[in-house]
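Protein chains get the first letters and strands the later ones, always in sequence-line order, with residue 1 at the start of each. Just so it is clear, the values below take in all heavy atoms, side chains as well, and ignore hydrogens, waters and symmetry mates.
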There are 2 protein chains.
Amino acid sequence: MTFDPKDCGTCPIRHRAVCARCEADELETLDSIKFYRSFEAGQPVIWSGDTMDFVASVVTGVASLSQAMEDGRTQMVGLLLPSDFLGRPGREFAAYDVVAVSNLTLCCFRRKPFENIMLQTPHIGQRLLEMTLDELDAAREWMLILGRKTAREKIASLLTILARREASLALQTAENGTSFELPLTREAMADYLGLTLETVSRQMSAFKREGIVLLEGKRKVIIPDFDALMAETGDDADGGMVS
Amino acid sequence: MTFDPKDCGTCPIRHRAVCARCEADELETLDSIKFYRSFEAGQPVIWSGDTMDFVASVVTGVASLSQAMEDGRTQMVGLLLPSDFLGRPGREFAAYDVVAVSNLTLCCFRRKPFENIMLQTPHIGQRLLEMTLDELDAAREWMLILGRKTAREKIASLLTILARREASLALQTAENGTSFELPLTREAMADYLGLTLETVSRQMSAFKREGIVLLEGKRKVIIPDFDALMAETGDDADGGMVS
DNA sequence: GTTGCGCTTTGACCCAGATCAAAATGCGTG
DNA sequence: CACGCATTTTGATCTGGGTCAAAGCGCAAC
């Protein structure tokens, strides 16, 4: 039985994230334990160590996962865009600080019932496995960036990653270049890349000066020649795309 | 029906890794598509981009996953110890270079039949999801190390991670300190931590000089006071353990 | 034994990016 | 419009770890 998005309403956990092939009765079961939560840009969603009685799917906006050291150093370890999944079935306490990077809407499911549904519904677990494996691949690409790339290569890599992820969500690779929304502050970019915000700013200025990226307003990034940017990432031509 | 390790023979994919709760007929199906492969320390298992027609579980030894940039810089992105899983169901080409760090035995399963068995056997997929989520957590801890820690903190973190992982496999937290086998060369440690081998050597020398670690031969590491080492990681006291 | 080779250690020097500091820009609000 | 505040940019200086170079140290082979 093929899945029809029209049966799905707007919740991405059903038509995009978790349940791409599930059937009608499962959808209704999910509906009964689901609720929405919204956050403004900058607001915390949950702190590491807090009890987390839900799992969720991002509907709109961007959220970050980060880890902090007790002296204040922090490293972003996850960046969640619409349709990404938040939380771990079976885990009672949050393992990371989660912050709304932009205005954010989550579609939440109470954790215990969600776990029960997972047991009865292999599709959901299979879908979650796919998503987790994708996230693991992304984390490994990220590790290469953190461990071995120069500041310039890090910035170029982040911009190509954001361009690709937003493109897959619809935004666009227009005819005269690629453009996308940059939802991150300089500080968030630094947290993502293991740099300081000053270094991020300097490298962004360098790319602007060289015409490799153009900024329109403070949020819109235009990349006149995507290949030129890719050439700055240090990756080989295909951009490290995995199967 | 509870699972009894005695029914399992020696293959970790059955009694530890993938199939902790599977039933007799599934075990036999797995048996029919399984074979073993051995590698000597230093040998490549597979190169990124090669077709990979099997998935596998590590039986003995250590393997590394790494990513290379075309100019030769490399970053280790995975370290597989006994019972860890190698490969991705559904993926035809290897995404990483896999190398035997020490002598290595893999229990392999032909990929297509394994995928079919997964479809019929939810337990395997569920177990694989658990393992993948654990690996994702480990990758995120690793990202903090790569992005924000000093060379000294990186070395201390690596040693505590290895001590903990090997301890969970049986080796030792003896009465007079913790000790374990260090299966990595200085170069592999550097690849793991995003450092050069010279920096690794200098920091190891510093820890020896200060009595925080002792080396016995070239492979055995003794940690007289584990808390003293943990204090050097920059993590808070509980060592970043996740539920 | 000694030769050779891979791994490790140590030293001297340098530079990319951190740190510290100040100015510029943007933007919502009274 | 002017003010206040957050964010970003730019500059000057410092330093942790990289780079280059040369010994030291097993250990297997002869």
Side-chain angles (χ1 to χ4, degrees), chain A residues 40-43 69 71-75 99-103 145-159 182-210 213-221 232 234, chain B residues 40-43 69 71-75 99-102 145-159 181-210 213-221 232 234:
Chain A
E40 291 182 11
Q43 278 190 328
M69 299 172 65
D71 66 3
R73 283 175 282 173
T74 70
Q75 174 64 51
V99 175
V101 168
S102 62
N103 289 348
I145 292 172
L146 289 171
R148 293 302 186 193
K149 292 194 177 181
T150 65
R152 183 177 173 93
E153 290 167 340
K154 285 178 173 181
I155 299 286
S157 299
L158 173 57
L159 293 176
L182 179 67
L184 305 177
T185 64
R186 295 286 178 263
E187 185 177 23
M189 293 172 73
D191 259 14
Y192 188 110
L193 296 171
L195 297 170
T196 59
L197 64 91
E198 293 95 329
T199 297
V200 170
S201 179
R202 274 184 254 271
Q203 298 297 336
M204 287 293 289
S205 298
F207 278 136
K208 274 188 284 181
R209 205 177 312 124
E210 299 168 30
V213 312
L214 313 175
L215 296 195
E216 191 172 289
K218 185 96 308 169
R219 293 277 89 110
K220 182 94 166 282
V221 175
E232 299 291 341
Chain B
E40 291 182 12
Q43 278 191 329
M69 300 173 64
D71 66 3
R73 282 174 281 174
T74 71
Q75 174 64 53
V99 174
V101 168
S102 63
I145 291 172
L146 289 171
R148 293 302 186 191
K149 292 193 178 182
T150 65
R152 183 176 172 93
E153 290 167 339
K154 284 179 173 182
I155 299 286
S157 299
L158 173 56
L159 293 175
E181 295 297 311
L182 179 67
L184 306 177
T185 65
R186 296 289 179 260
E187 185 176 24
M189 293 172 73
D191 259 14
Y192 188 111
L193 297 171
L195 296 171
T196 60
L197 64 91
E198 294 95 329
T199 298
V200 170
S201 179
R202 273 184 255 271
Q203 298 297 335
M204 287 293 288
S205 297
F207 279 137
K208 273 187 286 181
R209 205 178 311 123
E210 298 169 31
V213 312
L214 313 174
L215 297 195
E216 192 172 289
K218 185 96 312 166
R219 292 278 90 112
K220 183 93 166 283
V221 174
E232 299 291 340

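Of all heavy-atom pairs spanning B:Met204 and B:Leu215, the tightest one is CE-CD2, 4.4 Å.
Note on B:Leu195: only backbone sugar-phosphate atoms sit closer than 4.0 angstrom, heavy atoms only; bases stay farther off. If you check every strand for non-hydrogen atoms under 4.0 Å, A:Gly217 touches nothing. As judged by a 4.0 angstrom heavy-atom cut-off over every strand, B:Ser205 is placed among residues touching the sugar-phosphate backbone only. Within 4.0 Å (heavy atoms only), A:Thr185 reaches sugar-phosphate atoms of the nucleic acid but no base atom.
Residue side chain B:Glu187 does not reach the base of C:dC7 through any donor-acceptor N/O pair under 3.5 Å, judged by distance alone. Between the side chain of A:Arg152 and the base of C:dG17 there is no donor-acceptor pair of N/O atoms closer than 3.5 Å. Residue-to-nucleotide contacts include a donor-acceptor pair under 3.5 Å from the side chain of A:Arg202 to the base of C:dT19.
Proximity of B:Thr199 to the phosphate of D:dG17: no side-chain N or O atom is located under 4.0 Å from OP1 or OP2. At the phosphate of C:dT9, OP1 or OP2 sits under 4.0 Å from a side-chain N or O atom of B:Lys208.
Rounded to whole Å, the distance from CG on A:Leu193 to P on C:dG17 is 12 Å.
Salt bridge status for A:Lys220 with A:Glu216: present, with a side-chain N to carboxylate O gap under 4.0 Å.
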